[in-house]
Amino acid sequence: PEDAPKWRFICDTARTVLERFGAGEIHTPVFEDVGVFQKAVGDSSDIVRKEMYTFTDRGGRNLCLRPEATAGIIRAYLEHGMSSRPTPVKLWTFEPMFRGEKPQRGRERQFHQVGLEIIGLSDAVADAECIDAGVQLLSALGIKITSCISDRSVTLTTELLTTRTYVRPSSQSWRGFHPILSSGSS
C-alpha cells in the first residue's frame, strides 16, 4: 500500500506527458499467442529463444506472458481497425512485462514498461518524437536527462535529481519500473 502513490504518480505523469503528444492509452492482454512475438522480433531473437514465459493452454494454444509492448500494440492496431484512423496513430501504455531470464542486477522477471508507439510516420520523425516524449517524461518524473546524438545513435544518460525522494532508481521501491519508449513506424 505504501508504494501505491508512487505508482499512481508514475502512471499519471506518463498519461499527462504522452497525451500532450496526442497519444491514446491502450491496454493489451498479458497472455498473447507466441506467434505475435515470433513474427515481430523473429524466431532467433533472444526474446523468443530465451526470455519468454511460454506454455500450452488447455485448448492446445501456444501462449506466452507479454515480454514487451510493441507486438501486442501492433496486433491490436491491425485487429481492431485502427488502420482506418488518420495517421499518425499514437498509442501509449504502462503495463507489466515478463521475461523468463535469470534475474540480474537491474533486471527483473516482471517489470513495468511505459511504451509509446507512433504508427504512420517515417522512422526518423517517429524516433525523434519518441525521444522528445521520453526526455519530457523522465524530466517530469524528476530525472535529469542529458542527451548526446552521435553516429546515427542516440544515448540518453540519466542522472537522479535529489529533489524527489520517491524517485530513486537504486531503491527497492523503484525496482520494476523501466521507462522504455519506442517507435512503431510503418
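In this chain, numbering begins with 1 at the start of the sequence shown. What you see is a predicted model; the values in this text were computed from it and never measured.
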**OP:** Could you check whether the rings of Phe55 and Phe31 sit parallel, tilted or perpendicular, using 30° and 60° as the cut-offs?
**Re:** perpendicular
Flag side-chain contact, heavy atom, 4.5 Å: [X] against [Y]:
| X | Y | answer |
| --- | --- | --- |
| Pro96 | Gln113 | no |
| His27 | Glu25 | yes |
| Phe98 | Met52 | no |
| Lys6 | Cys11 | no |
| Met97 | Pro67 | no |
| Tyr77 | Arg85 | no |
| Phe21 | Ile118 | no |

**OP:** Could you tell me whether the side chains of Thr56 and Arg61 share a donor-acceptor contact shorter than 3.5 Å?
**Re:**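 Absent: no donor and acceptor within the cut-off.
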To the nearest 0.5 angstrom, please state how far the [atom1] atom of [X] sits from the [atom2] atom of [Y].
| X | Y | atom1 | atom2 | answer |
| --- | --- | --- | --- | --- |
| Ile119 | Thr87 | CD1 | OG1 | 10.5 Å |
| Asp57 | Leu63 | CG | CG | 4.5 Å |
| Glu68 | Thr28 | CD | OG1 | 9.0 Å |
| Ile73 | Leu78 | CD1 | CG | 12.0 Å |
| Glu95 | His112 | CD | NE2 | 8.5 Å |
| Arg15 | Arg8 | CZ | CZ | 11.5 Å |

**OP:** List the steps and the verdict of salt bridge (Lys or Arg N to Asp or Glu O under 4.0 Å) for Glu117 and Lys90.
**Re:** CA-CA 6 Å; Glu117 301 296 334; Lys90 301 175 186 181; over 6 Å; no
